[in-house]
There are 2 protein chains.
Amino acid sequence: MFSNGYLLLTTKENMTTTEPIPLQSTHRQPLVMVDTALFTILDQRLCLILARRKDAPFEGVLALPGGFVHVQEDADTEAAARRVIHGKIGIDAPYLEQLFTFSGMARDPRGWSVSVTYYALIPSSLLGRNDGVETFPVDALPALPFDHGQIVAQAVERLRGKATYSSLPAFLLPGEFTMNDLHRIYEQTIGARLDKASFRHKILDQGIIEPIPERFRVGAHRPAQLYRLASRMLTAFERRI
Amino acid sequence: MFSNGYLLLTTKENMTTTEPIPLQSTHRQPLVMVDTALFTILDQRLCLILARRKDAPFEGVLALPGGFVHVQEDADTEAAARRVIHGKIGIDAPYLEQLFTFSGMARDPRGWSVSVTYYALIPSSLLGRNDGVETFPVDALPALPFDHGQIVAQAVERLRGKATYSSLPAFLLPGEFTMNDLHRIYEQTIGARLDKASFRHKILDQGIIEPIPERFRVGAHRPAQLYRLASRMLTAFERRI
DNA sequence: AAATGTTAATTGCAATAAACAAATAACTAT
DNA sequence: ATAGTTATTTGTTTATTGCAATTAACATTT
């Protein structure tokens, strides 16, 4: 059957030649769900988007948006996460990344379960009015059901870890922003002070943003150069905006 | 029922007061398994431990050690991974970390599945003789079944990413090692040349290892100081060794 | 015993990057 | 015009890193 030694990846071709194996685990299988930590910036503070649960357990309680994985419909758990996010706040997240998979007996009163968690960065400009959706600064969250507190803690840690040396926080901003906007966002996500001059150098050297020619934000001060994410930083999705 | 507003975490206490909710997902649930990428150093090369599969599909083919999650027995997926590793090579992995959760229709001929993957670092000194277990340099692997090639690629990437600024590679070494041993391991895992002097400085400044007083490795050269992982770097498990 | 070879460990210096402090620029509002 | 506000730049100082050369402590060979 495997005369060529090894098979690399199960493609659709060899799936049809492989007879379907109805093998089931001899053990009861857990529930598989996805939960999402959605970050945004409001009033220059790093915030989390929470939604009131529609079903038991914890019906009506604020929690991370989540749901079961739909084996028939979802291509994978990331697709499930996108579906959950779209269903909850009506938009596609510009930045979405798998965080961690939580599991065990204790996390859900329904029993042993697995939750594949994702975190996403969402510019507040994309947020409309949504029923049952509320935002909270990450340093002033309500108590959360299940192990969602743990999930949030890990999401914040990951975001902070990545923010220091990547373009991540820029995804929390709208298309145009000033150097100071970006500076504030980085300070918020990292949770510490950053030197303005050094920050400017690092960001520009890395080439993750580019100035928009002739575009400035005016006000009671020297006009501020407007920047945008460098085109090479954008996903195919973003470029379409 | 939730008169105090919110519940933080589902503890054993409130699990008994919460009536068991036999709620099931309205959708068919996927198979949940764990797969492990086990790294070790042999002949000063970064290697991966593979095992021949005992069951269909791909029976007899070399693959990442893995298995189904046992809802009854496993505390969580990490416990399942530890069980798999122990069953396969008979030891507990000194360093074990969750890598990524792969999912979807295409990865397993049995249908839609979820694999929570882990990677582990195992000093070759702990490896005994094991039936059906073989090691391969990561840059000379056989073709692998399922999506295991992808899993390995991601594991190597993660290891390389973390190695640069952490104590990770030190877990691939036995209890005592020289600065040169460590230097070689870092070069292997990172896959690039590192300046010896700078390396020495960085490692010692970070305090991830400490010299063992009065202990040297002798040979046809100036005796080399022996080091060990600084005690604060060790897990509770490691300290017992 | 002296010379040689080998690897360990240290040192010095140039290049680079980061942190800190301050000055200057370009406006608005009064 | 002047004061106020924020943007941007310019130095100066302080680590960090990369590279090359040097010294140390042996074993081995002659």
Side-chain angles (χ1 to χ4, degrees), chain A residues 41 43-44 160-167 169-170 173-228 230, chain B residues 41 43-44 160-167 169-170 173-228 230:
Chain A
I41 296 278
D43 298 328
Q44 305 183 1
R160 298 220 155 124
K162 285 211 165 189
T164 316
Y165 55 90
S166 82
S167 62
L173 283 169
E176 299 187 343
F177 48 87
T178 68
M179 185 63 76
N180 256 10
D181 291 341
L182 191 65
H183 181 244
R184 262 195 300 269
I185 298 292
Y186 268 79
E187 287 195 333
Q188 263 299 305
T189 54
I190 292 171
R193 276 288 165 91
L194 295 173
D195 178 67
K196 284 200 175 194
S198 304
F199 177 76
R200 163 177 292 271
H201 271 130
K202 247 188 295 186
I203 291 292
L204 291 180
D205 290 353
Q206 289 183 41
I208 65 182
I209 62 172
E210 57 194 17
I212 311 175
E214 315 284 323
R215 294 269 301 145
F216 297 90
R217 178 178 299 166
V218 296
H221 49 73
R222 172 174 174 176
Q225 173 73 58
L226 283 170
Y227 294 87
R228 62 187 166 212
Chain B
I41 296 277
D43 297 328
Q44 304 183 3
R160 298 219 155 124
K162 284 211 167 190
T164 317
Y165 55 89
S166 83
S167 62
L173 284 169
E176 298 187 345
F177 49 87
T178 69
M179 187 63 77
N180 255 10
D181 292 340
L182 191 65
H183 181 243
R184 262 194 300 269
I185 299 291
Y186 267 79
E187 286 194 332
Q188 264 298 307
T189 55
I190 291 171
R193 277 288 166 87
L194 294 173
D195 178 66
K196 284 202 176 195
S198 304
F199 177 77
R200 163 177 291 271
H201 268 131
K202 249 187 293 188
I203 290 293
L204 291 179
D205 289 353
Q206 289 181 42
I208 65 184
I209 62 171
E210 59 193 17
I212 311 175
E214 313 284 323
R215 295 268 301 143
F216 297 90
R217 179 179 300 166
V218 295
H221 50 73
R222 170 174 175 176
Q225 173 73 58
L226 284 170
Y227 293 88
R228 62 187 166 212

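Residue A:K202 contributes atom NZ, which lies 6 Å from atom P of C:dA18 at whole-angstrom precision. The NE2-C1' distance, from A:H201 to C:dA19, rounds to 12 Å in whole Å. As a whole-Å value, the separation of B:F216 CZ from D:dA27 C1' is 17 Å. Whole-Å rounding puts the A:D195 CG to D:dT13 P distance at 16 Å. At whole-Å resolution of the value, CZ in B:F199 and P in D:dG18 are 12 Å apart. The interatomic distance linking A:I203 (CD1) with D:dT8 (P) rounds to 14 Å, in whole Å. Taking atom CG on A:D181 and atom P on D:dT8, their separation rounds to 10 Å, with Å as the unit. As a whole-Å value, the separation of A:H183 NE2 from D:dT6 P is 14 Å.
Mapping A:H221 and B:L204 onto DNA chain C by nearest heavy atom places B:L204 at the nucleotide closer to the 5' end.
Listed nucleotides D:dT9, C:dT10, D:dT10 differ in distance to A:R200; the shortest reach to its side chain belongs to D:dT9. Of all nucleotides listed (C:dA26, C:dA19, D:dT8), D:dT8 comes nearest to the side chain of A:K196. Of the candidates D:dC26, C:dA9, D:dG18, the closest approach to any side-chain atom of B:M179 belongs to C:dA9. Out of C:dA9, D:dT8, C:dA19, the shortest distance to the side chain of B:Q225 is found at C:dA9. Of the candidate nucleotides C:dA9, D:dT17, D:dT9, C:dA9 has the atom nearest to the side chain of B:A224. The side chain of B:A197 lies closest to C:dT11, out of C:dT11, D:dA25, C:dC20.
Annotation: the span from A:Y227 atom OH to A:I208 atom CD1 amounts to 12.0 Å, rounded to 0.5 Å.
By the 4.5 Å heavy-atom criterion applied to side chains, B:E187 and B:F199 are not counted as neighbours.
In terms of modelled atom types and a separation under 3.5 Å, the side chain of A:R217 and the main chain of A:Q225 share no donor-acceptor contact. Under a 3.5 Å cut-off, the side chain of B:E210 and the backbone N or O of B:A230 do not form any donor-acceptor pair.
Salt bridge status for B:K202 with B:D205: absent, with no side-chain N to carboxylate O gap under 4.0 Å.
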